[in-house]
Amino acid sequence: MQDVRLLAAPLVPGSLIGSFTNANPGLGGVCTFVGEVRGEDNVEALELSHYEPLTLPSMEELADRAIVRFDLMGILIAHRIGMMYPGEPIVCVSAAAKHRRGAIDAVDFCMDCLKSAAWFWKRELRGGVWHWIEPRAEDYADLARWKK
Amino acid sequence: MQDVRLLAAPLVPGSLIGSFTNANPGLGGVCTFVGEVRGEDNVEALELSHYEPLTLPSMEELADRAIVRFDLMGILIAHRIGMMYPGEPIVCVSAAAKHRRGAIDAVDFCMDCLKSAAWFWKRELRGGVWHWIEPRAEDYADLARWKK
Amino acid sequence: MAVRIVFVGPLRDIAGEEAREVAAPLNWAGLLEAVGAEVAQQLGEERVNVACAGEVLTDKTTLQAADGDEVALLPPVSGG
Amino acid sequence: MAVRIVFVGPLRDIAGEEAREVAAPLNWAGLLEAVGAEVAQQLGEERVNVACAGEVLTDKTTLQAADGDEVALLPPVSGG
């Protein structure tokens with residue numbers, strides 16, 4: 001069961017995960033990651049842009065790759081776009097598999113891809129000024145772990 | 001925020017995770033793993049035993065270690081004991097951190113420890129006969145990744 | 001007879017606009033000329049990608065946009 | 001003047017009981033004698049641990065259980 005969403009309205013992980021888990025009967029484990037806007041460094045708001053013709057199709061392709069690579073029963077990828085405030089969820093990835101290893105690795109993999117290799121552009125509002133954000137060196141290093 | 005529970009009654013991940021997330025304001029990410037009883041191989045039921053003087057204290061110690069090792073803001077470890085049926089949650093581990101790497105790795109680590117190095121004994125009812133379960137070779141290999 | 005150039009993310013700030021229509025056809029040299037010096041400099045960076053008609057170009061310098069195509073200028077991404 | 005021996009998990013099935021009280025003090029030799037041949041054989045395996053008064057023994061052969069202590073026989077674990 002593959003569920004990929006690009007959301008302009010608030011993301012509510014609890015409601016997505018509950019129905020996702022129920023849609024994958026017989027699973028052994030579900031791993032879920034939820035990323036939220038951190039309020040540190042005086043971040044007042046965060047805005048995510050996307051490019052319509054690429055962003056959702058590439059998320060769907062990522063879901064396909066994860067299912068094959070980690071032998072998943074199902075995957076959920078939900079990503080916000082638009083304006084968000086500290087404490088609001090930005091992204092939710094959930095993977096269901098027979099065994100925990102596949103579920104955990106799939107979430108790890110998808111998050112690394114979404115962070116540094118998906119068609120999103122992020123900026124933060126600090127002190128009334130917008131700053132574009134690029135992935136940290138660690139993010140690129142995390143992504144490189146999956147190259148083979 | 002550390003929340004460690006040994007549950008004789010059904011585990012409801014949604015209700016635990018919601019309040020856990022709310023209890024860790026300022027987090028950047030929450031990773032959660034929920035393990036369920038698989039119905040494959042004609043498993044009719046699963047029973048988990050524990051040894052009171054060791055099981056909960058060792059889970060609390062595991063939570064302490066994970067917080068320090070992965071620089072967590074909070075961790076939730078909830079593990080069932082007693083009789084369970086296919087589809088029922090057995091274990092729920094949730095870790096909150098500033099960055100995703102720590103949250104994901106902490107869940108991975110705790111699950112490996114709970115699977116092969118925590119004071120639980122598991123047996124499955126198949127065809128009316130109880131069978132004691134030992135960790136698979138992969139489980140021991142997974143655990144060995146964290147030795148340093 | 002137009003190609004639509006779309007500026008995405010930080011390139012939108014540099015360009016000062018969201019999109020611009022230029023005459024078709026449009027190749028790499030035409031693109032560099034059309035977008036102004038500052039954006040052209042960014043396009044020279046390897047980390048900046050170009051998509052044409054919904055496909056990211058493996059080699060952006062081979063751009064050949066026809067009438068009706070949308071050309072998107074894609075700076076380094078960051079999601080999650 | 002008793003030590004309580006607790007059989008956990010699969011060892012409970014082998015012992016056919018949950019616990020047994022024996023006279024204190026109890027050392028390793030006394031334990032092996034008290035539990036019967038089949039459980040004693042299991043205790044010989046490295047993967048089987050022994051706890052005394054809530055502490056897992058690093059070397060189970062050094063067991064010295066006093067009056068009132070609980071001695072738990074702990075076969076290989078499996079959780080999650």
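Order of the sequence lines sets the chain letters (A, B, ...), proteins ahead of strands, with each chain counted from 1. Note: hydrogens, waters and symmetry copies are ignored here, and every other heavy atom, side chains too, is used. Remember, predicted model here, so these are calculated numbers, not experimental data.
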Whether the side chain of [X] engages the backbone of [Y] through a donor-acceptor N/O pair (distance < 3.5 Å, no angle test) should be reported.
X      : Y      : result
C:S78  : A:I133 : yes
A:K122 : C:G79  : yes
A:W121 : C:P75  : yes

Worksheet item: How far does CG of C:L74 sit from OH of A:Y51, to the nearest 0.5 angstrom?
Response: 7.0 Å
Item to complete: Find the distance between CD (A:E134) and CZ (C:R47) and round it off to the nearest 0.5 Å.
Response: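 Interatomic distance, A:E134 CD to C:R47 CZ, rounded to 0.5 Å: 4.0 Å.
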Worksheet item: How far apart are the closest heavy atoms of C:V77 and A:P135, and which atoms are they?
Response: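 Closest approach of C:V77 to A:P135: O-CD, 3.0 Å.
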Worksheet, complete the sentence: Heavy-atom nearest pair, C:E70 first then A:P53, reads OE2-CG, 4.1 Å
Heavy atoms of other groups near [X] [atom1], more than 12 under 6.0 Å:
X     : atom1 : result
A:N42 : CG    : no
A:E88 : CD    : yes
C:Q41 : CD    : no
C:E55 : CD    : no
C:E38 : CD    : no
A:E60 : CD    : yes

Worksheet item: When you look at C:D13 and A:W130, which way does the side-chain hydrogen bond (donor to acceptor under 3.5 Å, both in side chains) test go after all the steps?
Response: CA-CA 10 Å; C:D13 291 354; A:W130 285 104; over 6 Å; no
Worksheet entry | C:V56 vs A:W119 side-chain heavy atoms within contact, under 4.5 Å | yes
Fill in: Which atoms of A:R80 approach chain C - backbone, side chain, both or neither, heavy atom under 4.5 Å
neither
